[in-house]
There are 2 protein chains.
Amino acid sequence: MGPKEIERRLDLFTQRLRDAGIKLTSQRMAIFRAIAASEQHPDAETLYRELKESCPSLSIDTVYRSLWLLAELGLVSTVGQRHEAVRFDVNLSRHHHFVCIRCGSIQDFYSPQLDRLDVAEEVQDFGAFISSQVEVRGICKKCETGTDQ
Amino acid sequence: MGPKEIERRLDLFTQRLRDAGIKLTSQRMAIFRAIAASEQHPDAETLYRELKESCPSLSIDTVYRSLWLLAELGLVSTVGQRHEAVRFDVNLSRHHHFVCIRCGSIQDFYSPQLDRLDVAEEVQDFGAFISSQVEVRGICKKCETGTDQ
DNA sequence: TTCTAAATAAGAATAAGTCGCAACAGGAGC
DNA sequence: GCTCCTGTTGCGACTTATTCTTATTTAGAA
């Protein structure tokens, strides 16, 4: 990924914010630039430390707000959900997760198609394979219909 | 899942702990019973509140310790990693994650096999499909070879 | 340039999770 | 069954992640 791609991402960010009538502050631009340039999947704290050098008055809160803003606009995705604690899963048979992005509920589902997957080979350059699981994100029935929580 | 399955899980837990020379305390048994009976993927706090009724002296710390113990023994899995903050991912092209369970690093990988998956139909009973992604867990090269972090 | 709603910084507050330590309790050996 | 020893627990303090509150600032429309 070269500077071209970074610029393309930044242009997309600014365009979407303009379209949504959201202000383009210097803090946001700096945060966008940092995440657009990142090859990794940084957390807010990491970006904050990085940006603090060139923008010492920046607050961590602004980093969080800007990143969740991007997430809400669909311009970045997240690993993990908002307000989420670690969950423990006693289901040891092979299964996959349907995660509701609104209420955070997780439902197991089973799929012969997915169980047949063999990704161990595909990831061997990264390291030793232990397990694989599909995470499907969506809006659960309850949240869709507005039935309580 | 009936009481049979719960008992089977509990037997497995107690057997594994005995084999590993780990004490079977009443707190652990209660926590095991609670997670073994859970259809959901509860977090520590939820189990704690549930157990507090029948065991008022229980501490949240013990719940965490017991659950991570089970996880280390491979008797439960987790949704999310230990010590993890939310991460933001700017890669919008379809990709999947290789997560190192030791250092927590995440690497993207691409896979035509996985991209061809169509799970939207399989999860339609749960709710509206938004996206799907494969999470592969393993030990990354760095951790495998002991090269620094 | 002025004005206003939106955004920010700072610090307090909350929530998730862990640590240190004194008291306690399985279970091995008798 | 009793004793002892080590692993375990509960508690309170602590850390870290994240959000809230509020006074101040600023982008961008007029």
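Naming convention: chains lettered A, B, ... in sequence-line order (proteins, then strands); numbering from 1 in each chain.
- Between Glu135(B) and Val99(B), the shortest heavy-atom contact is CG-CG2, 3.8 Å.
- One atom, CG of Leu47(A), and another, C1' of dT18(D), lie 15 Å apart when rounded to the nearest Å.
- Atom pair Asp43(B):CG and dT18(C):P shows a separation of 13 Å (rounding to whole Å applied).
- Put simply, OH on Tyr48(B) is 14 Å from P on dG17(C), counting in whole angstrom units.
- Across dA17(D), dT18(C), dA7(C), the shortest atom-to-atom separation from the side chain of Trp68(B) is found for dT18(C).
- A continuous path of ILVMFWY side-chain contacts below 4.5 Å connects Phe32(B) to Leu58(B), so both sit in one hydrophobic cluster.
- With hydrophobic clusters built from ILVMFWY side chains whose heavy atoms lie under 4.5 angstrom apart, Val90(A) shares a cluster with Leu24(B).
- In this structure, Arg28(B) and Val86(B) both approach DNA chain D, and ranking their closest nucleotides by distance from the 5' end singles out Arg28(B).
- Between the CG atom of Leu67(A) and the P atom of dT19(D) there is a distance of 11 Å, rounded to whole Å.
- Side-chain contact of Gln15(A) with Asp11(A): a donor-acceptor pair under 3.5 Å is absent, judged by distance alone.
- Put simply, CD1 on Ile22(B) is 11 Å from C1' on dT8(D), counting in whole angstrom units.
- Annotation: side chain of Cys140(B) is in contact with side chain of Gln107(B) (closest heavy-atom distance under 4.5 Å).
- For Ser57(A), a side-chain nitrogen or oxygen approaches OP1 or OP2 of dA9(C) to under 4.0 Å.
- Residue Asp61(A) places a side-chain atom within donor-acceptor reach of the base of dA10(C), judged by atom type and a 3.5 Å distance cut-off alone.
- Leu24(A) places its CG atom 10 Å from the P atom of dA29(D), with the value rounded to the nearest Å.
- Considering only side-chain N and O atoms, Tyr64(B) lies under 4.0 angstrom from the phosphate OP1 or OP2 of dG17(C).
- Between the P atom of dA27(D) and the CG atom of Leu69(A) lies a distance of 16 Å, rounded to the nearest Å.
- Applying the 4.0 Å criterion to OP1 and OP2 of dA27(D), one finds that Gln27(A) has every side-chain N and O outside that range.
- Regarding contacts with the backbone of dT18(C), a side-chain N or O of His83(B) is found under 4.0 angstrom from either OP1 or OP2.
- The phosphate of dG10(D) (OP1 or OP2) has no side-chain N or O of Arg65(B) nearer than 4.0 angstrom.
- Distances shown here put a side-chain N or O of Thr25(B) below 4.0 Å from the OP1 or OP2 atom of dT9(D).
- For dG10(D), the OP1/OP2 oxygens have a side-chain nitrogen or oxygen of Thr62(B) closer than 4.0 Å.
- With rounding to whole Å, Lys23(B) atom NZ is found 11 Å from dT9(D) atom C1'.
- Mapped onto DNA chain C by nearest heavy atom, Ala85(A) and Gly21(A) fall at different nucleotides, with Gly21(A) at the one closer to the 5' end.
- Residue Ile60(A) is classed as having no contact, given no heavy-atom separation below 4.0 Å to the nucleic acid.
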